[in-house]
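Inspection log for the structure reproduced underneath, given as structure tokens.
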Amino acid sequence: MEAMLNRTLNISTSPHITKGSSTDVIMQNVVWALIPVALFAVYSFGMSAFLVIATSVISAVLTEHFLCRISKQESTIGDWSAVITGLLLGLTLPPNFPLWMAFVGGMIAIGLGKFIFGGLGYNVFNPALVGRAVLQAAFPVAITTWFPAFGEGRFTSVSVSTFTAPFMEPAVDGFTGATPLSAFKFDNVTADSMELALGQITGSTGETCALLIILGGIYLAARKMMDWKIPVAILATVFALSGILYLVDSQAYPSPVFMLFSGGLMLGAVFMATDMVASPMTTLGVVVYGAIIGLLTVVIRIWGGLPEGVMYAILLANAISPHIDKMIRPRVYGTTKKKASA
Amino acid sequence: MSQAQQIQAAPANSWKMLQAMVGIGILCALLIVLTFQGTLERIENNRAEALEKAIFNVIPGISKKKTFTIGADNEIMEVKGDEASGQLIYAGYDENNELVGLAIEAAGMGYADIIRILYGYDPEKQVVFGFNVMETKETPGLGDKIEKDPRFLANFEALDVSLDEQAQDLNHDVVTVKQGEKENPWEIDGITGATISSRAIGNIIRSSTEELLPVIYNNLNAFTYENE
Amino acid sequence: MSDQSVKKGESGFLATLKGSPSTDEFIKGLWKDNPVFVQVLGMCPVLAVSNTAINALAMGLATTFVMLMSNILVSSLRNFIPKQVRIASYILIIATFVTITDYMIAFISVELHKALGAFISLIVVNCLILSRAEAFASKNTIGKSILDALGMGVGFTFALFCLGAVREILGNGTFFDMAILPGSFQEWIVMILPAGGFFTLAIWLLIFNAAKAKKATA
């Protein structure tokens with residue numbers, strides 16, 4: 001024991017299976033993959049979206065730096081992970097979201113989603129989604145008030161709710177839109193698939209253009225910086241389940257294509273469910289994990305009280321991912337199955 | 001020293017244990033019965049008062065009320081005493097014993113659980129003119145706007161529930177629309193952020209008015225005030 | 001070192017060291033052995049009924065009343081109850097006073113009774129009350145047991161009130177139903193929801209432990 005303790009251990013973050021690239025290189029590449037999505041968000045929603053994304057990134061980085069300082073650790077903002085958390089959070093918020101709320105969201109994402117568990121590598125949940133879940137519970141009206149895309153003068157002026165004074169209620173814009181999912185849930189109207197894929201719709205800043213998200217995912221998967229099996233498992237499950245329902249009753253249930261391209265499913269499947277710390281490590285585990293997310297998403301969207309369920313689906317699957325790994329632990333070579341599970 | 005040793009030291013004495021349990025049991029039963037008897041009257045008064053307050057709230061300007069129920073063959077009967085069950089309708093009268101309006105109990109599924117409401121019906125103008133939430137478990141601060149939001153409550157000052165010429169069906173079904181899109185007197189202006197709860201209220205009132213108003217309207221004489 | 005051991009002794013149940021022991025029995029529940037912030041007992045009502053200041057206060061007082069009465073009865077019957085059936089007897093006594101409290105609250109106000117709902121009946125399973133009966137009242141005189149129940153009760157009510165005040169102000173913009181923040185204040189809905197109870201409790205525990213740690217190093 002003594003000898004063990006005295007040895008210098010190389011403590012790395014999980015997963016311990018090395019993939020050849022160090023944390024900050026992977027993180028930087030994720031940022032590159034996200035930048036087209038963010039640029040499109042700014043192009044379609046204008047200044048307001050830019051401010052929301054920038055605020056949540058700044059808030060996440062500042063919080064990380066500040067928490068490292070007060071816990072007398074070396075600042076970890078250099079590993080880019082706080083930037084990703086802030087960026088992802090900003091991309092899941094409505095473009096007209098008040099900036100002070102986005103700032104609070106960034107603080108919660110880092111403080112409650114990551115730091116409380118011990119920092120990068122120990123977070124049980126995807127930090128950005130923790131931040132968004134708390135915002136959703138705290139400010140349910142502001143987070144479901146949407147801003148139409150491609151509004152005139154979007155580059156020169158901002159939404160009236162953007163610069164709401166801290167702790168004050170945002171003013172309601174004269175023109176608010178409904179997302180394709182809420183339009184389906186409450187008025188049974190489905191949007192056109194092409195519009196969905198190309199981002200001609202209302203929604204959170206980064207969830208509208210499915211095509212760019214897929215491109216970002218392919219880039220990461222090609223560089224082996226992301227487990228492609230997770231998004232594929234999620235999307236396949238959603239497609240299969242909603243396809244069955246659509247075949248049973250095409251009036252009551254939306255088409256599988258609509259389900260795939262609407263809401264935050266693409267963004268969630270490609271960039272959030274693939275969080276390396278909060279997802280399982282085994283191949284079979286990853287598939288089970290993806291299937292669970294897909295199943296929960298369909299169940300919440302179709303039978304739940306809320307129009308969108310990707311966020312809760314991913315958070316719930318994050319919570320059980322260690323158990324998935326434990327249940328299907330790979331057999332040690334040369335042992336019998338019984339022995340390995342004992 | 002420890003409790004385990006103490007228990008072993010004192011061998012189980014069943015008679016003493018029985019004595020203690022029965023003694024405490026009788027003492028406790030006595031205390032409960034005494035409190036129950038002492039508070040019963042006031043508690044029932046409190047409950048009746050809360051109901052009365054709600055009825056007076058949905059039918060403005062009344063001075064007395066009577067309770068009615070609808071029987072199996074759509075017959076309207078007065079309920080005497082406390083044996084209230086089934087669909088209850090409270091009739092409110094002014095000082096000259098003239099019928100002012102009816103308070104009707106209704107219930108339906110909300111976002112979290114069943115919502116129970118009481119609404120006031122004016123048979124003369126054929127409108128809903130009062131609304132009170134009796135029981136709700138809707139999300140505080142969000143779904144519970146259905147009982148607090150003054151803009152939403154303003155829907156129930158004169159909600160059109162007029163019957164058609166044969167007095168068999170409503171001219172227009174009550175329906176909840178999106179906030180700010182109310183155009184007709186039979187529409188309920190919904191609440192942004194409490195879509196499901198405000199729609200639930202619309203559904204509850206629609207199904208209740210569809211079912212009960214034709215019966216009530218055709219039997220209005222049954223509600224005439226009679227002195228006993 | 002010696003100073004600490006004296007302190008520890010004072011907070012102990014059977015401590016009758018120096019000073020006035022009766023005040024110690026009362027004071028310990030307020031701070032040193034605070035049932036919520038130090039012992040972390042009775043979390044179910046603490047989290048569930050602390051969404052407004054008035055609910056928190058009512059729940060605290062109801063619990064204090066049950067604790068006081070059960071401590072008195074347990075203490076006065078402590079030589080009569082055989083060891084083997086003591087827990088059953090305590091539960092019987094506590095359940096009786098919970099039922100009585102239930103009637104009393106409906107007696108005072110139907111609205112309050114509705115707001116507290118099922119949580120009044122759940123006082124019976126509040127481990128704080130049973131722990132006071134078992135750990136204190138069954139071994140001490142009636143006078144001391146009364147002081148202990150009052151101290152613990154006030155400490156519990158204080159803690160509930162701390163949570164209730166924060167949750168009501170942030171979650172509803174009001175304090176005892178009076179609007180104290182400007183009308184355009186954005187309510188933090190999550191604070192009234194169950195999750196807000198956990199957040200607020202965690203933050204209070206953080207503050208208490210930080211204060212304790214600072215005192216220990218000072």
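- Shown here are the side chain to side chain contact (heavy atoms under 4.5 Å, CB included) partners of C:F107, two or more places apart in sequence or in another chain: B:T39, B:R42, B:I43.
- Ion pair A:K114/A:E64 flagged as a salt bridge, since at least one NZ, NE, NH1 or NH2 atom sits closer than 4.0 Å to an Asp/Glu carboxylate oxygen.
- Not one N or O on the side chain of A:S59 forms a donor-acceptor pair closer than 3.5 Å with the backbone of A:T55.
- C:F37 and C:F208 have their aromatic ring centers within a separation under 6.0 angstrom.
- At least one donor-acceptor pair closer than 3.5 Å links the side chain of A:N318 to the backbone N or O of A:A278.
- In this structure a side-chain-to-backbone donor-acceptor pair under 3.5 Å is missing from A:S81 to A:I77.
- Among the candidates C:A202, C:S184, C:A195, the residue making the largest number of heavy-atom pairs closer than 4.5 Å to chain A is C:S184.
- Among residues 98-110 of chain A, the residues having any heavy atom closer than 4.5 Å to a heavy atom of chain C are, in sequence order, A:W100, A:M101, A:V104.
- Side-chain contact between A:I53 and A:L91: present, with at least one pair of heavy atoms (C-beta onward) separated by less than 4.5 Å.
- Only the side chain of A:L112 has a heavy atom closer than 4.5 Å to any heavy atom of chain C.
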